[in-house]
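Below you'll find the structure, written out as C-alpha cells, and then a few comments.
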Amino acid sequence: MATVEVRDLRKRYQDFLALDGVSLKAESGQLVTLLGPSGCGKSTTLRCLAGFLEPNGGEITVEGESILGVPANRRGFGVVFQNYALFPHMTVAENIGYGLKLQKLARSEIETRVHDVMKLVRLTGLGDRLPRQISGGQQQRVALARALVLKPKLLLLDEPLANLDARLRDEVRWLIRDLQQQSGITAFYVTHDQSEAMAMSDMVAVMKAGRVAQFATPREIYQKPVERYVADFTGEANFLPCQSVTPLAEGRYGITAAGTTLELDGVPGIEAGAPAELLLRPEALSLTSPEAGTFRGRVTKSAFLGAALHCEITLPGDSVLKLSAEPNTVVHTGDEVGIDIDRSHAWLMPEVSP
C-alpha cells in the first residue's frame with residue numbers, strides 16, 4: 001500500500017501540451033480513476049506514473065519520496081494494458097510467473113505464488129494452456145495476475161476492459177475492484193467509460209485538455225460537477241440557462257430559470273448576474289399536473305421503453321427537459337404537463353466555454 005501524489009505534472013510534445021499542470025492524490029489503498037475522452041491526457045499521466053514517459057515538469061511522490069528519474073523496472077509497480085501483452089509461446093503459468101523469474105526467485109516460491117494468484121483471479125486449471133487457447137476475458141485475467149503476483153505497491157491499469165464484450169466487461173470490472181480492495185493495493189485506472197469510473201472508484205479525476213477539470217468522489221462528480229463538461233461526461237443531464245442569479249450564502253443561490261424562481265445549491269463563487277445554468281439529472285424530475293409542477297411545459301416526444309416512458313418536455317423559452325416516467329404513465333405529444341424537481345439534486349454551475 002502506498003500514498004501517491006502528483007503535483008503540477010506537465011508534458012509537452014514539441015508544440016502540443018499533453019499535460020498542463022495535473023495534480024491529484026491517491027491515499028493508501030484507494031482506486032483513483034482518470035476519466036475522459038481520447039486525447040485528454042489520462043494515459044499520458046499513467047505512463048508518467050509508470051516511468052514510461054519523463055514529464056517536463058512537476059513532481060510524483062510515493063510515500064513522500066520522489067520517483068522521477070527512477071527507471072520503470074525499479075519502481076515496483078504493476079501495469080495492465082488493454083492489449084494484454086502476453087507472450088504467445090508461453091503458457092498461462094509461465095506468463096504469470098515471468099516477472100518472478102526475472103527476479104531470480106526460487107522455483108518453489110514462483111510456483112506457489114503463481115498457484116495462489118491463479119486461484120485469486122479464477123484461472124485454476126488453466127496454467128498449461130497457451131494464450132490463444134483461452135478466452136479474451138481469461139487473457140485479461142492472466143495480465144492482471146501477472147501484475148498482482150509481483151505484489152506491487154502501486155497498480156496501474158490502462159483501459160483494461162476496452163477489448164472485452166459487455167458481459168465480460170462487467171465480470172472483469174468487479175473482479176478488478178474486488179481484488180484491489182482485498183489486497184489493499186493503491187491503484188490508478190484509466191477509462192473513457194463513465195459507468196466504469198462510477199462503479200469502481202474511490203476518487204475520480206475528470207480530465208479535459210491535459211488538465212484535471214474536477215477531482216472528487218464519484219457521488220460528488222455526478223451530483224455536484226464544477227462545470228458542464230464534467231456533468232456531460234458523467235451521465236445524461238439537462239441544462240437550463242438562468243435569467244438571473246443572486247448569491248444567498250456560500251454555495252447557495254436564488255435563481256430564475258424558465259420563468260420559475262428557485263433557491264438551491266451550486267458551485268461556490270458564482271457572482272450575482274454571472275452566466276450560469278441549472279443541472280437537472282433525469283432521475284431528479286417527475287411528471288405531475290401543470291398546476292403542481294415546478295416547471296410547466298408541453299410534451300414534444302414520448303417513447304415507451306418497457307421499464308420506463310422516456311419523455312421530452314419543451315419549456316417556455318424553448319428549453320427541453322428529458323426524463324423517465326413510470327411505464328404506466330400515459331401522455332401524448334402536445335399535452336401540457338408539470339415537472340416536479342427534487343431540489344436536493346438540482347445544482348447550479350457557472351457557464352464555462354468548452
Side-chain angles (χ1 to χ4, degrees), residues 194-195 198-199 206 214 218-249 251-268 270 272-354:
Q194 64 92 10
S195 62
M198 294 295 167
V206 181
Q214 187 170 359
R219 186 177 296 276
E220 289 172 313
I221 290 286
Y222 186 78
Q223 295 181 345
K224 299 180 178 182
V226 296
E227 61 175 273
R228 184 171 186 154
Y229 172 86
V230 175
D232 254 338
F233 207 82
T234 50
E236 192 170 352
N238 297 293
F239 304 97
L240 285 185
C242 297
Q243 284 73 57
S244 68
V245 175
T246 303
L248 304 176
R252 184 76 178 172
Y253 303 92
I255 71 161
T256 301
T260 298
T261 299
L262 300 168
E263 287 188 16
L264 43 79
D265 294 333
V267 177
I270 302 175
E277 53 191 352
L278 178 60
L279 167 66
L280 296 168
R281 297 288 188 184
E283 63 270 19
L285 305 176
S286 57
L287 289 180
T288 185
S289 66
E291 299 76 21
T294 306
F295 298 106
R296 179 184 293 203
R298 291 194 178 275
V299 178
T300 47
K301 287 183 183 179
S302 66
F304 178 67
L305 303 179
L309 180 73
H310 174 79
C311 299
E312 293 186 12
I313 316 297
T314 299
L315 307 182
D318 292 330
S319 294
V320 176
L321 294 180
K322 299 178 181 180
L323 60 90
S324 292
E326 293 294 322
N328 291 332
T329 303
V330 178
V331 293
H332 303 94
T333 300
D335 285 354
E336 188 175 19
V337 295
I339 300 175
D340 200 17
I341 70 170
D342 179 350
R343 297 193 188 189
S344 66
H345 291 122
W347 183 251
L348 188 69
M349 303 176 299
E351 283 192 11
V352 178
S353 299

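This is a predicted model, so every value here is computed, not measured.
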Quick one: does Val299's side chain get under 4.5 Å of Leu287's, heavy atoms only?
no
Side-chain (Asp340) to main-chain (Ser286) donor-acceptor, under 3.5 angstrom: no
In short, Pro241 meets Ala257 closest at the heavy-atom pair O-CB, 3.8 Å
Could you check whether any side-chain N or O of Glu236 sits under 3.5 Å from a backbone N or O of Arg281, counting only pairs where one atom can act as donor and the other as acceptor?
no
Less than 4.5 Å apart, any side-chain heavy atom of Glu291 and any of Arg296? yes
Note to self: Under a 3.5 Å distance rule, please check whether Thr300 uses its side chain to pair with a backbone N or O of Glu312 as donor and acceptor.
What the structure shows: yes
Worksheet item: Is Thr256 reaching over with its side chain to a backbone N or O of Gln243, donor-acceptor style, under 3.5 angstrom?
Response: no
Q: May I have the step-by-step check of side-chain contact (heavy atoms from CB on, under 4.5 Å) for Asp265 and Trp347, ending in yes or no?
A: CA-CA 6 Å; Asp265 294 333; Trp347 183 251; 3.9 Å; yes
Check: Backbone N or O of Glu277 within a donor-acceptor pair of the Arg228 side chain at under 3.5 Å?
Finding: no
Looking only at heavy atoms, the pair that brings Phe295 and Leu321 closest together is CD1-CD1, 4.3 Å
With sequence neighbours left out, the residues meeting side chain to side chain contact (heavy atoms under 4.5 Å, CB included) with Gln214 are Ala216, Ile221, Pro225, Val226, Val230
Keeping Asn238 on the side-chain end and Leu280 on the backbone end, is there a donor-acceptor pair under 3.5 Å?
yes
Arg298 side chain vs Gly334 backbone, donor-acceptor pair below 3.5 Å:
yes
Practice task
Decide yes or no on side-chain contact (heavy atoms from CB on, under 4.5 Å) for Thr260 and Leu315, but give the supporting numbers first.
Solution key: CA-CA 11 Å; Thr260 298; Leu315 307 182; over 6 Å; no
Glu326 atom CD, neighbour heavy-atom count above 12 within 6.0 Å:
no
query: For Ile270, does its backbone N or O pair with a side-chain atom of Tyr253 as donor and acceptor, under 3.5 Å?
result: yes
When every non-hydrogen atom of Leu279 is compared with those of Met349, the smallest separation belongs to CB-CE, 3.9 Å
Q: Go through the steps for Leu285 and Ile313 under the test side-chain contact (heavy atoms from CB on, under 4.5 Å), then give the verdict.
A: CA-CA 11 Å; Leu285 305 176; Ile313 316 297; over 6 Å; no
To the nearest 0.5 Å, atom CG of Leu323 lies from atom CD of Glu283 at 11.0 Å
